[in-house]
Each structure stands twice: as C-alpha cells, then as structure tokens.
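Notes follow the structure.
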There are 2 protein chains.
Amino acid sequence: MAKRRKVGNLMALAVLSALVQRPMHPYQMASVLREHGKDQNMKIKWGSLYTVVQNLEKHGLIEATESTRQGGRPERTVYGITEAGRVELTDWVRELLATPEQEQSRFTAALSVMAVLSPAESADLLAQRLTALEKGLAARRAALAEAAREVPRLFLVEEEYELAVADAEVGFVRGLLGELTSGTFPGLADWQVFSETGVVPPELAELMERGLHPQQP
Amino acid sequence: MAKRRKVGNLMALAVLSALVQRPMHPYQMASVLREHGKDQNMKIKWGSLYTVVQNLEKHGLIEATESTRQGGRPERTVYGITEAGRVELTDWVRELLATPEQEQSRFTAALSVMAVLSPAESADLLAQRLTALEKGLAARRAALAEAAREVPRLFLVEEEYELAVADAEVGFVRGLLGELTSGTFPGLADWQVFSETGVVPPELAELMERGLHPQQP
DNA sequence: ATGCGTATACTCGGGGACGAGTAATCAAGA
DNA sequence: TCTTGATTACTCGTCCCCGAGTATACGCAT
C-alpha cells in the first residue's frame, strides 16, 4: 500500500481538486487555492506549481483545453481535469484518508478535499484510519513503556510528543466520525445531495465564486 | 528569523548530534541513528545521508579525520564535528525548540537532540515556543470561528484538525515545561551535571555503547 | 568447499522542489 | 503625463533528495 503516485507532490492534489470545479490556467489555480486558505496549511511554491502542472499533463491527469493570449502578456494555457485525473484524485484521497502516516500534512490535505467523496465513503475510510491509528498507538505506547524501564526520559521525550499528537488525532477522527455516522455533522444533507447528483446547494454556489476564507488584513 | 541553514535537511541535525559523541564514518552514523530509534521518526534515506555528510563537510561543520581501508572494502572516511559544527548544532536546536512551525517533524527532531542544551536553556526556549504557540492558536481559533459563520463545516474540517493537533502540542509543551521548571522531570540532575561538566553519568555511559531503544523483533 | 543469504558500505543518475528573476499591465497619485 | 508600486503570469537554473543499483565480506548450512 501507499502506492507511488505518478505525481507525489501534495500540491498536485490541490490542483486536481481545483480543476474539478472548472478548467483554469495555472496562475488562476494559485489564486483559488489562496482564497480557499490553502496557503495557510500548504505554502504555495511558485516553482513547484508549474512543475506539478507539467507533470500532471505528462501523465494525462490534466490536459490543455485552450491557450489564449491577450495583449502582450505571456500566453496562458487553460487546463482541465481528465477522467484519469478524476480517478487519481478520488483514489488518492481515499488512500490519504484511510491510512495514517507520519506526516500530518498529508491528512490535512486529504481532509481539505474530502468533499470529492460521498459522506458514507468518507466515514468508512475514517473508520479504517481510526482502527489503524489506535492499533499503532497502542503498540507505540507499549514500546515506549518498555523503553522507559531502561532509558531516561530525556531521550524519550520526542516519542512522548509524537504520541501526544497521535492521541489528539485519534480524538479528532473519532469525533468527526461520530458526527458523520450519527448524522449530526452540519451540512451533511447538502453534502449527500451534492455527492449523488453533483448539484451544489444554492447558498454555496455563490460562496464558491467569491472564494471561501476571506483574507484577513 | 527561521534563518536558512547551510544544510537544511533534518538528517544533518541527526548527523551532527551523532558526531558530538564521537567521530564516525557515514554508515556508522546510520547504525547509531537506527539504534536510537531515529528511523521511526525520521526515515533514513541512504542517498541523502551521503549528500548531507558531503555538504556538512563542504561548509566546514564536520571534517574528515582519518580514512581507513580494510580488506577489499571500499574506503571508509571517518568524520568528526568541528567547532563551527557544534555552534551550528546548538544554534539550530535553539531555533527549532523556540519557534513553532507547521511541520511537526521539526519539533520532534529538536526534542530528540535537546540534550545538547542545558535544562535551563531548554526550559527557556520551550517557554518562548509556548507563548508563540498560544498566540498563534488563539488567532487561528478566532479566524476559524469567523469563517464558520459563512462557510460550511465541510470546508473547515482540515483547519479544525490542525487546531486539534496544535492544541495537543500546547498541552505537551506546557506539561514538559512544568516538569522542567518545577524540577520534577526525572533525570534532571544528571542532565544538569552533564551540561555543566560534560560528564556522562555511569549508568548512562553503558547504555550509550549498546544503543538506546533495543530493536523490537 | 561451495553455495547462499545477509550485512556492510557506499555510488549514481534522474527528477523534483523552489527561490529569484523577468516582464508586461494597470491604477493611482504627483 | 510621468512615475511608481502592485498585480499578473510565468521561466529558469540550481540545489538537493532519494531509490535503486553495486560490490565485497562473512557466517552458516549442506
């Protein structure tokens, strides 16, 4: 598992999720991501963006749909997501949601594009993650307790930290999963409708346009 | 702040901390790190190790002390840390401890080499981190609450996750700091002695040799 | 003694990440 | 109207990461 992706950079995930909404040219992607507050969690590196877009195209996950040039500006190529790209996106999110990893930024990324899956599947994957997480946590706790009998705290402090963070993740996932399965998660109905029919609820449609996460000055 | 290091890879930090104990050749460093359980937190990439060692040497943070060849084996170059290397190590740890960053693996790395600083300085730096952490957390919480009035939970879930993790970090740092300042941290006296005189307490010395963190089979 | 697996000890080359640079457009103030 | 600064929209080159490959030595079983 943890299949190697054709394009491994997490920015590729963000790009794919942006292109699901509508075709864009690279700079536009960056603006959209910035508006969605993605620049907080995942710094936008300009150099990487264009490399990533290029690689996504090379692997057929996105394709150039038109290439307009206005004025003396450099030409702008608009990219759209392909069917293969959609498959890659959902498959990737599934993996990131279900399997815990050391880098927590991968889970953050997964959560930020969870909407491309159905609520039911998300809940299912989160349950898998929770199980794996709990198992791993128990094992690490046991190993730490074992080591603590010989090794002074000073040299185990980093493992304690990781366990504390892992514990918080377990708590978060459990809470989120609870809300999803009990149906108390706000907006669950809209999400459900969207995932079945692709219809964006009206009050959301207008948000999409002007961007979530207004800039704080 | 967050000065750019000559060698930015976190493995460089691990290498420096290994060489503080005694000079080694690269493969030995990897073994030592593996024995210390560093391979759990920070995967050892073979390719990187040699690049990192090379770069450290280039920048004068370590230096080749001898180069033995036995049998038909490829020649092994033994490296020792330089004075500049020591300075870089402590300075780097200071920065990593005091300033919170998005990548939690950096703090893990910092904690794992915290022993190169004195307990008092560590406590001081942790206090700085705590302050920064709390300030940032409050700001992010406020921003989230603000955004939640317009944007559905579904698109804020990743920020909730990050806040949960950040909260756990605050708790951990506060706890650790408490133990350090109140003097209840086990082994504090030994650590104090070591940082003042460089003397390793006898029961530790023998641990050093055969490696902390026994392998679990 | 001979093969085979495993540990030791690296090397190398492709590819990706990313900062700094570039260059045109546009709005607004002096 | 001229300049200045911000915004748009990239390009380029360097540095660095890292997986896969290589090659020898050693122990152990047959």
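Below, read A as the first sequence line, B as the second, and so on, with proteins coming before strands; counting in each chain starts at 1.
One interatomic measurement links the two molecules: CE of M24(A) to C1' of dC10(D), which rounds to 17 Å at whole-angstrom precision. Taking atom NZ of residue K6(B) and atom C1' of nucleotide dC16(D), one finds them 14 Å apart after rounding to whole Å. For the pair Y50(B) OH and dT22(D) P, the computed distance is 17 Å after rounding to whole Å. Atom CD of Q54(A) and atom P of dC12(D) are 10 Å apart (whole Å). In this structure, W46(A) atom CH2 and dA17(C) atom P are separated by 16 Å, rounded to whole Å. Nucleotide dC10(D) holds its P atom 13 Å from the CD atom of E57(A), rounded to whole Å. Taking atom CE of M29(A) as the reference point, atom P of dT8(D) lies 16 Å away to the nearest angstrom. Per the geometry, CG belonging to N9(B) stands 10 Å off C1' belonging to dC18(D), to the nearest Å.
Taking for each of Q28(B) and T51(B) the nucleotide of DNA chain C with the nearest heavy atom, the 5'-most of the two is the partner of Q28(B). The residue among G47(B) and L49(A) whose nearest nucleotide of DNA chain C is located toward the 5' end is G47(B).
Put simply, the side chain of R94(A) reaches to within 4.5 Å of the side chain of T90(A), judged on heavy atoms.
Listed here is the closest heavy atom pair of A168(A) and V165(B): CB-CA, 4.4 Å.
In this structure, S48(A) reaches the dC18(C) phosphate: one of its side-chain N or O atoms is under 4.0 Å from OP1 or OP2. The phosphate of dC10(D) has neither OP1 nor OP2 within less than 4.0 Å of any side-chain N or O from Y27(A). Taking side-chain N and O atoms only, H25(B) has no distance below 4.0 Å to OP1 or OP2 of dT8(C). For the OP1/OP2 pair of dG16(C) and a distance below 4.0 Å, the side-chain nitrogens and oxygens of N55(A) include at least one atom meeting the criterion.
Contact check on K6(B) versus E88(B) returns no salt bridge, with no Lys/Arg side-chain nitrogen under 4.0 Å from an Asp/Glu carboxylate oxygen.
Classified by interplanar angle (parallel below 30°, tilted 30° to 60°, perpendicular above 60°), the ring pair Y161(A)/F172(B) is tilted.
Nearest nucleotide to the side chain of K45(B), out of dG19(D), dT11(D), dC18(C): dG19(D).
The list of ring-ring contact (aromatic ring centres under 6.0 Å, His included) pairs with a residue in residues 78-102 of chain A, not counting sequence neighbours, is empty.
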